There are 2 protein chains.
Amino acid sequence: MPNDRMNFARHRRVTMEDVGRMAGVSQVTVSRALSDPSKVSPKTLEKIREAIEVTGFVRNAVAGALASRKSRLVSALVPSITNVVYSSMIRALSERLRTHGYQILLSETGFSQADEEEAILAHLSRQPDAIILTGIHHSMQARRRLLGAGIPVLELWDTTDTPIDLCVGFDHAGAARAAAGFALERGYRKAATVTASDERARRRRAAFADRFAAGAVPDFDVCGPASIVAGREGLARLLDSHDLAGGIVYCSSDIIAHGVLIEAQSRGIAVPGDLAVMGFGDQDFARHLEPSLTSVRIDLEHLGQTAANTILDRIEGRNIAAPVTALNFEIIDRASV
Amino acid sequence: MPNDRMNFARHRRVTMEDVGRMAGVSQVTVSRALSDPSKVSPKTLEKIREAIEVTGFVRNAVAGALASRKSRLVSALVPSITNVVYSSMIRALSERLRTHGYQILLSETGFSQADEEEAILAHLSRQPDAIILTGIHHSMQARRRLLGAGIPVLELWDTTDTPIDLCVGFDHAGAARAAAGFALERGYRKAATVTASDERARRRRAAFADRFAAGAVPDFDVCGPASIVAGREGLARLLDSHDLAGGIVYCSSDIIAHGVLIEAQSRGIAVPGDLAVMGFGDQDFARHLEPSLTSVRIDLEHLGQTAANTILDRIEGRNIAAPVTALNFEIIDRASV
DNA sequence: TTGTATGCGTTATCAA
DNA sequence: TTGATAACGCATACAA
């Protein structure tokens, strides 16, 4: 296809005006036919349908949004789109919202507040009908802008008593304490942790250590996102300086636990005989590892759906029972502990 | 925060008009100050900056898009947003586009053409400046709409001689043939495959089998997306009916290969002693498995960046050297073969 | 350097 | 059931 075949600059869009002309009605009638067909007679409806078919008309949602002050766009900001924890939530969320005619404008914020501020501004300029943020820590500037936008704001993944507006998440510290309690109950008295560079992960690690042995738990911070190699290195470094025999390693995510498992295997350390391993998140693969991984189950689908429902309730003016929803977690007892 | 505190319905937006009034200039001058500050005197620039600060003005990109007929929005459709293969490409793509002021409107199409058609329509209604699709198989209806939109269209991930407009991808069949050649060179004469339900994956599997032994290669189709459990089951089922000793298993993705590795380990099958395993994609974790996984490297970052550059060239009216770009792949020789 | 007038393609409000 | 008219908030062309 030659380059000059497409001339994008001078492209005449088909408008409702055009459709109306062809169908012998006014532009307004076309608009009505699309948004509320019951207000248009069957005969003209058919003529309009035909004209749309022939012209290949596609409604201009930009003009519609400007006129109605409703964009049917919900923006969502996540730290990372390649992290399946976030993308699973977003998938559930967007699927639910799509059935109600909303599209998602998704951006990655990295883990920095400056990036988030910039992303928030870019998103707000698109006039979304609501905005979803990951986590509960946002700069004052960001909060001000969010409040100023006058749209529903939902903080996802975490919980707080002082949400900007709405909040759907779970109690990270509580989940980690539960994990520690589980380990203690199983008789473990020695523990170590491998933690990714994520504020929530660090908070969980702190809660785990606190509950387990008032903080006397060595930690390896992977200084980066969770990965298998991070888990392998974590265990390797911990073993350099500590005797973990008969203990348990609590990991900030299943993927890190997976790395720990691989490192243990390559060193001939029996799991759970010599060392127990616990993950977090209970991703699909956790139950299919060898040994299968004990983990803390978070229902990401449910989180995403609940967030979508909450947002929809707000947008469509229904009453919100409580602005903050804390979802449950569950310890999944498998072979690695 | 009580429910009635936020009244979203009656919210007065701050406009350029307001900013101008406060700064003692007209709306147009505010517009200019934002889009081309060099055309406004430093003194008024400062007054406008201040007024923006005070009012918390956020520019309305919807109105801007309507007026200028440029949305600075690029839409992207991928089969799955939780699949790291696609999300990695999109991350690279959107990062590059963002530096040029473009945002990405991302949607999941599932693997069905009907879903894709619907998604295309929804996206086109937002008046994107370009649209990116995954793969090269699209319904006639979809192609018609795309052409009718009069914007650049880029097909990503695959290659073809007959693109709708632009295309950036790699030769799937060629990559699979190279993998088969590699296995043959290593002396393997027996092979089996485990394949995910993805059109490209099936095409690669066919090319592998064809090159390896003119098709005499047993296959397990996992009937679903790639996952560790799919790989485990794949190997298990293949072993039920075939003697694979001394052979090689070619998997449609690293994640499936990972499952095959785990199943082999749990059965006491030595890799590569009793059975060799080969993945596809060379994801991060491939080198850190035990044994490390031989795979076919696809540079997803590069794919995403190249797509972004191609789109930018088109949008900004530069000449495109060739509408189709085929990127390279590379066999990564590790311990599992 | 700044301002006026006009249009972008819809929806909302009336009136017929 | 239909249509005329006026927003919506900004960018562009042109004038001053």
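This structure is a prediction, so every number in the text was calculated from the model and none was measured.
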Inspect the surroundings of [atom1] in [X] and state if more than 12 heavy atoms from other residues, nucleotides or ligands are less than 6.0 Å away.
| X | atom1 | answer |
| --- | --- | --- |
| Q27(A) | CD | yes |
| E53(B) | CD | no |
| D36(A) | CG | yes |

Would you say that [X] contacts [Y] through its side chain, given a criterion of any heavy-atom pair below 4.5 Å between the two side chains?
| X | Y | result |
| --- | --- | --- |
| T134(B) | R200(B) | yes |
| I52(B) | L34(B) | yes |
| Q113(B) | H137(B) | yes |
| E118(B) | S112(B) | no |
| Y102(A) | I311(A) | no |
| V58(B) | S125(A) | yes |

For this session: Determine the minimum heavy-atom distance between D129(B) and S71(B), stating which atoms define it.
Result: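 Minimum heavy-atom separation between D129(B) and S71(B): OD1-N, 3.0 Å.
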### Task
Salt-bridge test for E50(B) and K47(B): reply yes if a basic N is under 4.0 Å from a carboxylate O, no otherwise.
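Salt bridge between E50(B) and K47(B), a charged N being under 4.0 Å from a carboxylate O: no.
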Which comes earlier along DNA chain C counting from the 5' end, the contact point of L66(A) or that of K70(A), where each point is its nearest nucleotide?
->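 Its nucleotide being nearer the 5' end, the pick is L66(A).
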Double-helix bend of the helix from dT1(C)-dA16(D) to dA16(C)-dT1(D), axes at both ends from 5 pairs, round to 10°, gives 30°
Interatomic distance, CZ@R314(A) vs CG@N319(A), rounded to 0.5 Å, equals 8.5 Å
Practice task
Without swapping roles, check the side chain of E155(B) against the backbone of I164(B) for a donor-acceptor pair under 3.5 Å.
Solution key: yes
| task | Give a yes or no on whether the backbone of Q305(B) and the side-chain of R96(B) come within a donor-acceptor separation of less than 3.5 Å. | result |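 Absent.
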Discussion item. Counting only heavy atoms and a strict 4.0 angstrom limit, can you tell me which residues of residues 17-32 of chain A come near DNA chain C?
Written reply: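 Residues of residues 17-32 of chain A that come under 4.0 Å of DNA chain C are, in numerical order, Q27(A), V28(A), S31(A).
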Exercise. Do any of residues 36-54 of chain A sit with a heavy atom less than 4.0 Å from DNA chain C, and if so which?
Worked result: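 Heavy-atom contacts with DNA chain C come from no residue of residues 36-54 of chain A; none.
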Applying side-chain contact (heavy atoms from CB on, under 4.5 Å) to A122(B) and not counting sequence neighbours gives Q103(A)
Worksheet item: Hey, where on DNA chain C does chain A first and last touch, going 5' to 3'? Cut-off is any atom under 4.0 Å from a heavy atom.
Response: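 First-to-last contact on DNA chain C, by the 4.0 Å heavy-atom rule, is dG9(C) to dA12(C).
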What is the 5' to 3' range of DNA chain D, first to last nucleotide, that sits under 4.0 Å from any heavy atom of chain A?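 Extent of the interface on DNA chain D: dT1(D) to dG9(D).
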